Amino acid sequence: MARPQMLKLPEVLEEIDMSRAAFYRMRARGKAPKLIKLPNGQIRCRRSDLDAWWAEHEIAA
């Protein structure tokens, strides 16, 4: 079984073309893609969660 692709936060920020500060403001409002905090404290985003977030915002636009 294939593991889901996990993106690092800088990769997510580059793809959505957003600064870290703006991303965390959006996250505080509950509007950011779903993130996962790993046991070592690093942040990841599943590719499927980011794609779903993109799709949600394409419809809203």
Side-chain angles (χ1 to χ4, degrees):
M1 185 160 107
R3 292 178 47 192
Q5 183 182 8
M6 303 291 273
L7 302 171
K8 294 179 180 180
L9 186 56
E11 295 170 325
V12 173
L13 295 175
E14 183 179 334
E15 183 170 329
I16 64 176
D17 193 28
M18 185 176 286
S19 71
R20 185 179 294 263
F23 181 83
Y24 277 106
R25 285 192 301 270
M26 185 171 64
R27 186 175 183 216
R29 293 189 307 266
K31 303 293 184 182
K34 182 180 174 187
L35 298 178
I36 299 166
K37 188 171 186 177
L38 300 177
N40 63 4
Q42 294 181 359
I43 302 292
R44 296 286 190 272
C45 181
R46 286 187 185 98
R47 164 59 40 196
S48 59
D49 290 336
L50 185 57
D51 290 343
W53 180 84
W54 275 119
E56 178 184 322
H57 287 82
E58 285 177 357
I59 295 168

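Quick caveat, the model's predicted, so the values are computed rather than measured.
- In this structure, Tyr24 and Leu9 have side chains that are in contact, with non-hydrogen atoms separated by less than 4.5 Å.
- Taking the side chain as every heavy atom from C-beta outward, Arg44 and Arg46 never approach each other to under 4.5 Å.
- Annotation for Phe23 and Pro33: closest pair CE1-CD, 3.7 Å, computed over non-hydrogen atoms.
- Between Leu35 and Arg27, the closest side-chain pair of non-hydrogen atoms falls below 4.5 Å.
- For the pair Trp54 (side chain) and Asp49 (backbone), a donor-acceptor distance under 3.5 Å is absent.
- Atom CG in Leu13 sits 7.5 Å away from atom OG in Ser19 (nearest 0.5 Å).
- Rounding to the nearest 0.5 Å gives a distance of 14.0 Å between NZ of Lys8 and SG of Cys45.
- Contact check on Arg47 versus Glu15 returns a salt bridge, with a Lys/Arg side-chain nitrogen under 4.0 Å from an Asp/Glu carboxylate oxygen.
- Ile36 contributes atom CD1, which lies 9.5 Å from atom CD1 of Ile43 (distance to the nearest 0.5 angstrom).
- Taking every heavy atom of both residues into account, Met6 and Glu11 meet most closely at O-OE1, 4.4 Å.
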